[in-house]
Number of protein chains: 2
Amino acid sequence: MDKPSNTADDILAAARRFIVAGGYNGFSYADIAEVVGIRKASIHHHFPSKVDLVQTLVRRYLEEAVTGMTELERNVPEPPELLRTYAGFWAQCIEDASRPFCVCALLASELPVLPPEVAAGVRAYFQFLSGWLTGVIERGAAQGTLTIAAAPRVEAEAFMATVHGAMLSARAYGDVLTFGMILAPTLQKLIPATD
Amino acid sequence: MDKPSNTADDILAAARRFIVAGGYNGFSYADIAEVVGIRKASIHHHFPSKVDLVQTLVRRYLEEAVTGMTELERNVPEPPELLRTYAGFWAQCIEDASRPFCVCALLASELPVLPPEVAAGVRAYFQFLSGWLTGVIERGAAQGTLTIAAAPRVEAEAFMATVHGAMLSARAYGDVLTFGMILAPTLQKLIPATD
DNA sequence: TGTGATATACCTACTAGTAGGTAGGCAACA
DNA sequence: TGTTGCCTACCTACTAGTAGGTATATCACA
């Protein structure tokens with residue numbers, strides 16, 4: 001677990017913050033060096049190139065998502081509550097400004113100018129997330145705990161799109177409550193009323 | 001109408017393509033100079049700084065949206081058809097790759113690192129679009145031609161978020177049909193079945 | 001009708017600063 | 001003793017932007 005040094009983790013954490021703020025071309029090794037408190041050249045010791053750094057970041061981001069979702073499904077088995085928890089996670093991240101945007105959603109927006117290795121990682125994340133949501137929605141529909149109007153895959157893609165678009169709007173308006181406001185009716189349409 | 005020279009328009013068109021591909025930091029004056037066929041310094045003659053250039057681009061983008069929506073509402077008066085046409089416009093833009101992303105949606109993702117003048121323009125675009133959609137949905141709900149589960153403003157924000165998120169997914173998957181696939185059930189939920 | 005003033009649109013050649021990246025050294029430590 | 005982690009010092013390529021020039025077009029007016 002402690003194979004990568006603390007500095008490497010610090011570099012990755014700084015890179016994540018910079019990417020979340022302004023994308024792949026929105027930061028430099030000099031920016032990272034400053035916040036981590038080392039020299040530019042020392043970053044190259046841990047990550048020979050910028051591509052290596054961001055590739056590692058995206059790979060870990062996907063790994064964390066996979067373990068996070070697995071963990072989540074163990075603790076929260078019901079599909080409606082899974083969707084609510086997933087949306088609530090991002091609502092919290094945005095509200096407390098700890099992670100105001102999804103790394104891969106941001107990188108996806110600049111996909112055409114991304115190094116191919118990074119682009120592939122971003123695509124993998126989208127495929128995983130969409131697959132996971134499809135599974136959850138499929139299960140909910142079969143159980144009758146979710147109401148869907150289209151195929152589970154399509155509903156999953158629509159849900160994911162709304163989540164990403166809501167992040168964008170929250171950022172555009174500079175209003176952290178926008179995300180929750182948008183997700184509320186989206187969840188409501190999927191979850192049958194219990195009145 | 002011919003106040004700005006052809007070259008200035010060419011520069012703006014090139015900048016738009018570059019921004020749509022990779023955002024504010026994803027292109028340089030050198031990139032534009034190459035595709036327009038002039039020298040870097042000549043771009044500075046038309047747009048003294050990069051901020052001037054992108055600011056002008058965003059301002060015009062909003063102006064075009066305003067006139068486009070006004071025109072649209074004159075030709076297509078019914079709210080359901082307005083939403084369908086708006087979504088269809090973007091579906092077409094993405095499918096024929098003519099405008100595979102909204103300039104302001106892309107810029108919004110990197111808002112924290114944008115020059116303040118540009119950021120303000122992006123915010124204005126979001127406010128206009130959200131306001132227009134709110135009006136359309138409000139009217140549709142009053143007429144009974146649209147079915148809404150939340151306040152018109154909330155439904156409008158959710159719709160806009162889904163459109164932007166669907167652009168992102170289409171880009172992430174590299175599949176131009178993803179956008180239409182996502183928007184179909186979204187429209188379906190707002191437009192009552194006519195069976 | 002010719003002449004001068006002004007403006008437009010572009011050019012070459014340059015600046016300071018920043019980008020990612022490299023070479024080689026030094027100290028701590030297993 | 002070799003490896004790890006970081007350093008100074010440097011590189012080349014590129015960034016936005018500037019200085020100063022030229023060719024051409026337009027207009028005012030004698």
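Because the structure is predicted, anything quoted here is derived from the model rather than measured. Chain naming here is simple, since letters A, B, ... match the order of the sequence lines and numbering starts at 1 in each.
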Counting side-chain heavy atoms from C-beta on, which of [options] comes nearest to [X]?
X	options	result
A:Lys50	C:dC10, C:dG20, D:dA16	C:dG20
A:His45	D:dA16, C:dG20, D:dT4	D:dT4
B:His46	D:dG17, C:dA9, C:dG20	C:dA9
A:Ala41	C:dC11, D:dA16, D:dA9	D:dA9

Going by distance alone, is a donor N or O of one side chain under 3.5 Å from an acceptor N or O of the other, for B:Thr162 and A:Thr162?
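A donor-acceptor contact under 3.5 Å links the two side chains.
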Name the stems with DNA chain D in them: runs of three or more consecutive Watson-Crick or G-U pairs, distances under 3.5 Å?
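So far as stems of 3 or more pairs are concerned, DNA chain D shows C:1-30 with D:1-30.
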What is the distance, to the nearest angstrom, from the [atom1] atom on [X] to the [atom2] atom on [N]?
X	N	atom1	atom2	answer
B:Asp9	C:dA9	CG	P	11 Å
B:His44	D:dG17	NE2	C1'	5 Å
A:Lys40	C:dG24	NZ	C1'	17 Å
A:Ile11	D:dG5	CD1	P	10 Å
A:Asn25	D:dA13	CG	P	20 Å
A:Phe27	D:dT15	CZ	P	17 Å
B:Ile43	C:dC11	CD1	P	10 Å
B:Leu53	D:dT15	CG	P	15 Å

Side-chain donor or acceptor of A:Asp31 paired with backbone N/O of A:Ser28 under 3.5 Å
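Yes; judged by distance alone, with no hydrogens or angles, the pair exists.
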Does A:Glu81 reach the main-chain N or O of A:Val76 with its side chain, forming a donor-acceptor pair under 3.5 Å?
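No; judged by distance alone, with no hydrogens or angles, the pair does not exist.
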Qualifying ring-ring contact (aromatic ring centres under 6.0 Å, His included) pairs, either residue in residues 130-149 of chain A, two or more places apart
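Counting only pairs at least two positions apart or across chains, no ring-ring contact (aromatic ring centres under 6.0 Å, His included) contact touches residues 130-149 of chain A.
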Is there any ring-ring contact (aromatic ring centres under 6.0 Å, His included) pair reaching into residues 134-193 of chain A, and which pairs are they, with sequence neighbours excluded?
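ring-ring contact (aromatic ring centres under 6.0 Å, His included) check on residues 134-193 of chain A returns A:Phe126-A:His164.
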Basic-acidic side-chain contact under 4.0 Å: A:Glu63, A:Arg60
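Result for this pair is no, no salt bridge flagged.
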Partner set under ring pair (Phe, Tyr, Trp, His ring centres under 6.0 Å) for B:Tyr61, not counting sequence neighbours:
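So B:Tyr61 forms a ring pair (Phe, Tyr, Trp, His ring centres under 6.0 Å) with B:Tyr125.
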With a 4.0 Å heavy-atom cut-off, tell me which residues in residues 30-39 of chain B come close to DNA chain C, sorted by residue number.
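Here the set is B:Ile38, B:Arg39.
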4.5 Å side-chain heavy-atom contact, A:Glu138 and A:Arg153:
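No, side chains not in contact.
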State, yes or no, whether a side-chain contact exists between B:Arg16 and B:Val58 at a heavy-atom distance under 4.5 Å.
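Heavy-atom side-chain distance check fails, nothing below 4.5 Å.
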Phosphate OP1/OP2 of D:dT15: any B:Ser28 side-chain N/O under 4.0 Å:
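Looking at the OP1 and OP2 atoms of D:dT15, one of them is under 4.0 Å from a side-chain N or O of B:Ser28.
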Can you run down the salt bridge (charged side-chain N to carboxylate O under 4.0 Å, His left out) pairs that involve residues 99-110 of chain A, sequence neighbours left out, and say none if there aren't any?
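Non-adjacent pairs meeting salt bridge (charged side-chain N to carboxylate O under 4.0 Å, His left out): A:Glu64-A:Arg99.
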Any base atoms under 4.0 Å from B:Ser42, or only sugar-phosphate, or nothing? Heavy atoms, all strands.
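Base contact.
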For A:Phe47, answer base if it contacts any base atom (sugar-phosphate contacts may also be present), sugar-phosphate if it contacts only those atoms, and nothing otherwise; contact means non-hydrogen atoms under 4.0 Å.
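No contact.
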